Amino acid sequence: MSLRCRRLSSRVSCVFLALCMFLNSLPGLVLAAVVTLDSIKIHKTHEWLDNKPTVYFKCQGENKKILPDVKEKNTTYVFKGEESWQPLTEFLGTKCKRCGLYEEDTFNSDDVFDEWEFCPGDFADNDGKYIRKTKKEFDATFLCPKCKSGRTESDTHVGRKGMHVAIIVLISLLASIVTAIVLVAAYKYWQKKKRQQDQARFLKLFEDGDEIEDELGLGTVI
């Protein structure tokens with residue numbers, strides 16, 4: 001086997017290895033379930049001065065989402081889910097997040113209204129709604145329509161979606177591999193035919209030379 005063929009075989013093996021790893025990760029191919037804030041009412045603020053509070057929502061490892069309209073305590077704010085700062089976060093799979101509601105502090109570390117484990121399963125029993133009430137701090141209602149089954153997507157939908165993606169990727173990879181093999185084989189066949197033609201022409205030159213010598217009688221002259 002030539003060096004070129006060995007390299008091609010090695011590349012094909014790497015592609016199939018990558019494909020196997022991709023297929024093994026199919027359980028993680030879950031569409032993001034978006035979480036929005038439906039309503040909120042804060043019962044108190046933590047600023048000593050008579051300043052308008054800056055309230056924000058934040059999950060661990062993510063950026064804070066400032067709620068620019070929430071300024072007054074004991075006032076219920078209702079949202080459409082289309083605000084510029086929405087969504088608050090999104091779930092991938094069934095894994096929970098550590099999230100909380102906070103208030104920026106001018107001089108010290110930010111004040112905490114509440115922190116909790118925020119999970120897709122919180123929305124399962126209330127038609128995609130999750131109501132969080134923290135005594136003397138705030139009441140909030142969160143929406144996650146795709147979480148109402150307790151998962152971001154039903155197992156059937158996720159399985160079909162992941163399988164469709166896997167099939168598309170598999171077909172694309174196989175088509176690429178077959179095309180590469182065909183091109184390499186065609187190139188090697190062309191090289192082989194070219195060598196044969198060159199050899200045939202070279203031999204024909206010698207044969208023509210011998211015939212000319214015979215006609216001139218040079219072959220017997222020494």
Side-chain angles (χ1 to χ4, degrees), residues 25-162 164-165:
S25 67
L26 279 178
L29 292 177
V30 182
L31 298 180
V34 171
V35 179
T36 59
L37 181 62
D38 183 57
S39 65
I40 190 171
K41 177 171 70 173
I42 57 175
H43 299 301
K44 70 175 184 178
T45 62
H46 302 86
E47 285 282 354
W48 290 100
L49 301 177
D50 190 20
N51 294 330
K52 298 297 183 182
T54 299
V55 180
Y56 66 91
F57 176 91
K58 187 178 185 299
C59 290
Q60 188 174 1
E62 300 179 6
N63 296 327
K64 64 173 65 174
K65 296 297 181 73
I66 296 177
L67 313 180
D69 301 316
V70 182
K71 296 296 182 183
E72 302 291 341
K73 60 183 180 181
N74 298 319
T75 300
T76 300
Y77 296 90
V78 180
F79 306 102
K80 297 179 180 180
E82 301 173 352
E83 292 77 14
S84 60
W85 45 269
Q86 299 262 35
L88 293 180
T89 186
E90 58 185 30
F91 290 113
L92 297 175
T94 58
K95 189 175 182 179
C96 300
K97 298 183 177 184
R98 186 68 180 174
C99 303
L101 191 70
Y102 308 90
E103 179 184 338
E104 290 187 352
D105 193 292
T106 306
F107 304 103
N108 300 314
S109 58
D110 292 349
D111 300 298
V112 180
F113 285 101
D114 191 16
E115 288 181 335
W116 70 96
E117 289 292 316
F118 203 21
C119 305
D122 295 336
F123 300 85
D125 300 326
N126 200 17
D127 196 27
K129 286 187 177 182
Y130 170 59
I131 300 173
R132 181 81 181 181
K133 293 185 177 182
T134 302
K135 188 176 181 180
K136 296 182 180 180
E137 292 289 349
F138 74 94
D139 300 337
T141 300
F142 303 91
L143 295 180
C144 182
K146 293 182 179 179
C147 299
K148 58 186 177 183
S149 65
R151 299 177 294 273
T152 56
E153 295 287 337
S154 67
D155 291 338
T156 302
H157 178 71
V158 172
R160 289 177 180 174
K161 193 74 176 180
H164 290 165
V165 174

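This one's a predicted model, so the numbers in the text were calculated from it and none came from an experiment. Values below: all heavy atoms of this structure, side chains included; hydrogens, waters and symmetry mates excluded.
Rounding to the nearest 0.5 angstrom, the gap separating the CG atom in Asp105 from the CG atom in Asp110 is 6.5 Å. Note: Gln86 CD to Phe79 CZ = 7.0 Å, rounded to the nearest 0.5 Å. How far CG of Asp139 is from CG of Asn74: 10.0 Å, rounded to the nearest 0.5 Å. We find the NZ-SG distance between Lys65 and Cys99 to be 11.0 Å, quoted to the nearest 0.5 Å. With rounding to the nearest 0.5 angstrom, the CG atom of Leu143 is 14.5 Å from the NZ atom of Lys80. Taking NE2 of His43 as the reference point, atom NZ of Lys133 lies at 8.0 Å (rounded to 0.5 Å).
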Exercise. What do the steps show when you test Phe91 against Lys146 for side chain to side chain contact (heavy atoms under 4.5 Å, CB included), and what is the final call?
Worked result: CA-CA 10 Å; Phe91 290 113; Lys146 293 182 179 179; over 6 Å; no

For this session: List the steps, then state whether side chain to side chain contact (heavy atoms under 4.5 Å, CB included) holds for Phe142 with Arg132.
Result: CA-CA 8 Å; Phe142 303 91; Arg132 181 81 181 181; 3.9 Å; yes

Problem set entry | Stepwise side chain to side chain contact (heavy atoms under 4.5 Å, CB included) check, Val55 with Leu101 | CA-CA 7 Å; Val55 180; Leu101 191 70; 3.9 Å; yes

For this session: Using the side chain to side chain contact (heavy atoms under 4.5 Å, CB included) rule, take Leu67 and Leu37 through it: C-alpha gap first, then chi angles, then the decisive distance, then the call.
Result: CA-CA 10 Å; Leu67 313 180; Leu37 181 62; 3.9 Å; yes

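No side-chain donor-acceptor contact under 3.5 Å links Glu103 to the backbone of Thr45. Side-chain N or O atoms of Lys71 include one that pairs as donor or acceptor with a backbone N or O of Pro53 at under 3.5 Å. Checked by atom type and distance alone, the side chain of Tyr77 pairs as donor or acceptor with a backbone atom of Glu72 at under 3.5 Å.
In this structure, Cys144 and Tyr130 have side chains that are not in contact, with every pair of non-hydrogen atoms separated by 4.5 Å or more.
Sorted by first and then second residue, the salt bridge (Lys or Arg N to Asp or Glu O under 4.0 Å) pairs involving residues 34-46 (not counting sequence neighbours) are Lys44-Glu137.
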Quiz: residues 116-124 side-chain donor-acceptor pairs under 3.5 angstrom, not counting sequence neighbours:
{"residue": "Asp122", "atom": "OD2", "partner": "Cys119", "partner atom": "N", "Å": "2.9"}

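Lys97 meets the side chain to side chain donor-acceptor pair (under 3.5 Å) test with Glu62, Thr89; sequence neighbours excluded. Residues satisfying the side chain to side chain donor-acceptor pair (under 3.5 Å) criterion with Glu90, sequence neighbours excluded, are absent altogether. The side chain to side chain donor-acceptor pair (under 3.5 Å) check on Tyr102 picks up Glu115, with sequence neighbours excluded. The side chain to side chain donor-acceptor pair (under 3.5 Å) check on Thr134 picks up Asp114, with sequence neighbours excluded.
Considering every non-hydrogen atom in both Pro87 and Val35, the closest pair reads CB-O, 3.2 Å. The shortest non-hydrogen separation linking Ile66 to Glu104 is CD1-OE2, 4.1 Å.
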